[in-house]
Asker: 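Below is one structure. I have some questions about it.
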2 protein chains.
Amino acid sequence: MSETSTHLLVPTGRGQRGACLGPDGSAAQVMRVIRMVQGRWRMPIIFRLYADSPVRTLQLKRDLQGVSLKVLTQHLRELAKHGLIERTDFGEKPLRVEYRLSEMGRGLVPILRAAKDFSLRYPA
Amino acid sequence: MSETSTHLLVPTGRGQRGACLGPDGSAAQVMRVIRMVQGRWRMPIIFRLYADSPVRTLQLKRDLQGVSLKVLTQHLRELAKHGLIERTDFGEKPLRVEYRLSEMGRGLVPILRAAKDFSLRYPA
DNA sequence: CCGTATCCCAATAGATACTG
DNA sequence: CAGTATCTATTGGGATACGG
């Protein structure tokens with residue numbers, strides 16, 4: 001196909017510069033991931049669940065230190081909606097709800113490790 | 001140090017579950033990267049510069065299609081402030097400003113590739 | 001050509017009070 | 001215990017107009 005070297009995002013051809021990030025929609029695919037994990041408490045939640053889960057709600061709140069229950073619940077709901085975590089409601093009394101990282105959530109690990117490496121290699 | 005298995009984030013010890021993401025501050029390091037790249041037009045800008053740079057301002061605006069000059073400039077300033085891109089102002093008339101991905105900006109590539117892989121492996 | 005200044009709207013998140 | 005309801009402050013980004 002034609003010479004698209006200066007055109008929108010990355011050209012479709014393989015082997016040239018930029019090809020390893022893929023054809024056009026790559027930015028959108030990356031943005032999707034960013035939207036899933038962005039938010040004041042999402043990384044703390046994900047790391048906490050990764051270190052040890054399942055965890056009950058109030059234990060999570062205590063460990064995150066500083067988050068309100070409202071905001072924590074909002075984030076947990078969003079994370080569960082996107083499939084990164086799983087919510088288990090035992091229909092007990094007193095109430096008992098647990099959260100755990102899903103298989104998809106564990107799939108984030110390579111991204112997080114790459115991001116952490118980047119932060120270490122390029123300090124603020 | 002006591003048994004921290006259920007404690008804050010990831011325990012300091014090596015070799016257990018969670019250790020591959022590192023000790024405590026990892027969430028903050030990842031959040032730093034997220035803050036640098038989050039924003040409506042940052043991924044499109046980064047991918048565009050990665051595909052071909054340097055690029056002049058209005059060419060970038062045309063390629064991004066839909067962004068206003070104000071918002072584009074805001075993002076470019078922030079990206080430059082964090083060191084991900086470089087801004088070159090040739091003191092010419094008519095005005096001529098170019099943006100290019102920095103070495104640090106290219107350091108994002110492993111993260112972006114991991115994020116793209118994740119999106120493909122776990123579609124919406 | 002490359003911005004900045006203003007105004008506006010929606011989304012985020014903190015504080016606080018209430019509920020099954 | 002595990003939420004929801006309100007209210008508020010701040011931020012991000014779009015539209016538009018103006019300026020060097």
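The analysis underlying the following values was restricted to heavy atoms, covering all of them including side chains, and did not include hydrogens, waters or symmetry mates. A note on names: the letters A, B, ... follow the listed sequences, proteins ahead of strands, and every chain is numbered from 1.
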Asker: Which whole-number value in Å describes the distance from B:Arg56 CZ to C:dG3 P?
Answerer: 11 Å
Asker: Is a donor on one side and an acceptor on the other found under 3.5 Å between the side chain of A:Lys61 and the backbone of A:Val67?
Answerer: yes
Asker: Once you apply a heavy-atom cut-off of 4.0 Å, does B:Leu69 come out as touching a base, just sugar-phosphate, or nothing?
Answerer: base
Asker: Using a heavy-atom cut-off of 4.0 Å across all strands, would you classify B:Lys70 as base, sugar-phosphate, or nothing?
Answerer: base
Asker: Between A:Arg106 and A:Glu103, is there a salt bridge with N-O shorter than 4.0 Å?
Answerer: no
Asker: With a 4.0 Å cut-off on heavy atoms, is A:Tyr99 in touch with a base, just the backbone sugar-phosphate, or nothing at all?
Answerer: sugar-phosphate
Asker: Scan A:Arg35 against the nucleic acid and name what it touches under 4.0 Å (heavy atoms): base, sugar-phosphate only, or nothing.
Answerer: nothing
Asker: For C:dG3, does either OP1 or OP2 sit under 4.0 Å from a side-chain N or O belonging to B:Arg96?
Answerer: no
Asker: Answer yes or no: is there a side-chain heavy-atom contact under 4.5 Å between B:Leu64 and B:Pro44?
Answerer: yes
Asker: Once you round it to whole Å, what is the distance between C1' of C:dG20 and CG of A:Asp89?
Answerer: 12 Å
Asker: One pair to check against side chain to side chain contact (heavy atoms under 4.5 Å, CB included): A:Phe118 and B:Met36. What are the steps and the verdict?
Answerer: CA-CA 12 Å; A:Phe118 176 93; B:Met36 289 193 297; 3.4 Å; yes
Asker: Compare side-chain N and O positions of B:Arg77 against OP1 and OP2 of C:dT4 and report whether any pair is under 4.0 Å apart.
Answerer: yes
Asker: Do A:Arg62 and A:Gln59 meet the criterion of a side-chain donor-acceptor pair at a distance under 3.5 Å?
Answerer: yes
Asker: Expressed in angstrom and rounded to an integer, what is the separation of A:Leu72 atom CG from C:dT12 atom P?
Answerer: 16 Å
Asker: Any base atoms under 4.0 Å from B:Ser68, or only sugar-phosphate, or nothing? Heavy atoms, all strands.
Answerer: nothing
Asker: So does B:Arg100 get a backbone contact from the side chain of B:Ser53, meaning a donor-acceptor N/O pair under 3.5 Å?
Answerer: no
Asker: Nearest heavy-atom pair of B:Pro123 and A:Arg32: which atoms, and what distance?
Answerer: C-NH2, 3.5 Å
Asker: Between which nucleotides of DNA chain D, read 5' to 3', does contact with chain A run, using atoms under 4.0 Å from its heavy atoms?
Answerer: D:dC1 to D:dT6
Asker: Expressed in angstrom and rounded to an integer, what is the separation of A:Trp41 atom CH2 from C:dT12 atom C1'?
Answerer: 14 Å
Asker: Considering every strand and a 4.0 Å limit on heavy-atom distances, what is the contact class for B:Arg42: base, sugar-phosphate, or nothing?
Answerer: nothing
Asker: Could you pick out which residue, A:Leu95 or A:His75, lies toward the 5' side of DNA chain C when each is mapped onto its nearest nucleotide?
Answerer: A:His75
Asker: Can you tell me how far P of C:dC2 sits from CD of B:Glu92, to the nearest Å?
Answerer: 10 Å
Asker: Please give, in whole Å, the distance from C:dC1 C1' to B:Leu76 CG?
Answerer: 15 Å
Asker: Rounded to whole angstroms, how far apart are CD on B:Gln74 and C1' on C:dG3?
Answerer: 12 Å
